[in-house]
J.: 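What follows is a structure written as structure tokens; I'll ask about it next.
Only a predicted model underlies this, so the values are computations on that prediction, with no experimental measurement involved. Values below: all heavy atoms of this structure, side chains included; hydrogens, waters and symmetry mates excluded.
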Amino acid sequence: MTSSALAPLERQSVPRTLRNPRLLFIEILAGLVTSLALIPEALAFAVVAGVDPQVGLFTSVILAIVIAVTGGRPAMISGAAGSTALVIAPLVASHGTDYLVATVLLAGVLQIIFAAVGVAKLMRFIPRQVMVGFVNALAILIFSSQLPQLIDVPWLVYPMVAVGVLLVFGLPKLSQAIPAPLIVIVVLTVFAVLAGARVPTVGDYGQLPESLPALFFPNVPLDGETLHVIAPYALGITFVGLVESLMTAKLVDDITDTHSNKTRESWGLGVANLATGFFGGMGGCAMIGQTMINVNGARARTRISTFFSGFFILVLSLTLGDIVAMIPMAALVAIMIFVSLTTFDWHSVRPATLKVMPRSETLIMVITVVLTLLTHNLALGVGAGILTAMAFFARRVAHFVSLDRVLATNQKSVTYHVNGELFFASSNDLYTLFEYSADPDRVIIDMGGSHVWDASTVSTLDAVTAKYAKLGKQVDVKGLNARSEELHGRLTGKVGL
């Protein structure tokens, strides 16, 4: 494989790819492979959400095509995702499709608003170990989601999956002219048809559509009661969609060693969900497994592959539905196993790595993985990992504050030199570090080596001053930098003790 086949984003732009037949061929084939992997999952997730299976397909079509234009992460695939299906399933069961569509439209608006206020900038606060936990949980979920396809199935499924896994791992070592996942799909489909094998196929998941989607406007009252019903679900779709899409974008950034515009991705997802809503779709976000197929398996690098993934779903469903329905699930299971094994960060669980890694860092990764697996919700797992990391960080920083006590030679005054960052966690310990009874009548607190970050610290300094005052001792706080002086002067005596 030449370097240009996997050129970085800066060199492999859409215009350059369109002018290069070989690169364009890779992108189109990647879109085809990804679409074949999207179809059964879109059908299955529609069933999970409680809507017609065709709704899942049309959602994936519209999301992929629209976000190929509006999105910020080249080669990332979006569609009808399982996470959003789980969020909306209770609403569909209780209120029906019209309320679902209204919810998707509201979620699209909220995602655009969050993009405008800079929610994507919060990505820089996600620690590396949370990202590692996200990747490992994702790999485990992808693998475990294939297990139902291997239980109570004809015996022929097992050797077909084994052959598929061997091909998808081995073929790239011989040639990368055609994506290995596509060869696996073709070979196993031809075998199943010629051998007359009675194995589960894509067609078993639901009826493929026979016509284009039509515009749909939800028949719901435009009042506060409707907003009360749909708002919690819309917020759920908003946050789950943004977290999964932004985390997936960051993962692809790392894999391809490129940078993507997370704000544009957030905005693009909102626009794409609005579009799906107006066609009666169920909403969605980044499809992590399919993205890994597109990037790792099919070697796509631009939005051309994203566009063609949606385009081929539509074309295959409408014109070649009978052929697509014959694809054995064993082929797709083999591809997803490949994706799970190549996605998992094996380095993170090696004994040598665990031996040198701080226990708190390992615990952050484990909590992210475990909660994600328990809830089947990557957003919740990531949230728990971030909160755990914040708790450990606050605990560590809280002990970084030091206090040096210097008694004057005449023993008539004492100076405390405070060093460190003072905020709600560290300032609580500060109160206990003074020798109130043993100190002389004049106490100087030198803040030159510290910084006051919040009202909690000002309150602590007020409490220290008040305790000395009860003992008849005078306290002078000096050495504050400009920002700390402004905050202290504005809040002292007003925030309570």
J.: How about Leu147: does its CG atom have over 12 heavy atoms from other parts shown lying under 6.0 Å from it?
T.: yes

J.: Once rounded to the nearest 0.5 Å, what's the spacing between atom OG of Ser348 and atom CD of Glu361?
T.: 12.5 Å

J.: Per the ring pair (Phe, Tyr, Trp, His ring centres under 6.0 Å) rule, what does the pair list look like for residues 288-313, sequence neighbours excluded?
T.: Phe308-Phe311, Phe308-Phe312

J.: Kindly indicate whether the side chain of Ile28, heavy atoms from C-beta on, has any atom under 4.5 Å from the side chain of Leu32.
T.: no

J.: Do any side-chain atoms of residues 102-117 form donor-acceptor pairs under 3.5 angstrom with protein atoms, and if so which ones, sequence neighbours left out?
T.:
from	atom 1	to	atom 2	distance (Å)
Thr103	OG1	Tyr99	O	2.7
Gln111	OE1	Asn273	ND2	2.9

J.: Considering residues, nucleotides and ligands other than Phe344, do more than 12 of their heavy atoms fall under 6.0 Å from its CZ?
T.: yes

J.: Would a 4.5 Å heavy-atom cut-off, applied to side chains only, mark Ile304 and Val14 as touching?
T.: yes

J.: I'd like to check Ser35 versus Leu316 (side-chain heavy atoms, cut-off strictly below 4.5 Å). Are they in contact?
T.: yes

J.: Just checking, is any N or O donor in the side chain of Asn294 or Ser309 under 3.5 Å from an acceptor N or O on the other one?
T.: no

J.: What do you reckon, is CG of Asp223 surrounded by more than 12 foreign heavy atoms closer than 6.0 Å?
T.: yes

J.: Applying the side chain to side chain contact (heavy atoms under 4.5 Å, CB included) criterion to Ile337, which one of Thr342, Val161, Val168 satisfies it?
T.: Val161

J.: Would you say the side chain of Met357 lies within less than 4.5 Å of the side chain of Met365, judging by non-hydrogen atoms?
T.: no

J.: Are the side chains of Arg301 and Val295 in contact, using a 4.5 Å heavy-atom criterion?
T.: yes

J.: Side chains of Arg73 and Asp253: does their closest heavy-atom pair fall under 4.5 Å?
T.: yes

J.: Do Thr291 side-chain atoms and Ile77 backbone N/O form a donor-acceptor pair below 3.5 Å?
T.: yes

J.: Are Phe279 and Thr59 side-chain neighbours, meaning at least one heavy-atom pair lies under 4.5 Å?
T.: no

J.: Would you please say whether a donor-acceptor pair under 3.5 Å links the side chains of Glu27 and Thr17?
T.: no

J.: Taking Thr84 for the side chain and Ala80 for the main chain, is one N or O donor matched with an acceptor at less than 3.5 Å?
T.: no

J.: If you measure from CG on Leu182 to CG on Leu29, what distance do you get to the nearest 0.5 Å?
T.: 6.0 Å

J.: Roughly how far, to the nearest 0.5 Å, is the CG atom of Leu167 from the CZ atom of Phe338?
T.: 12.0 Å

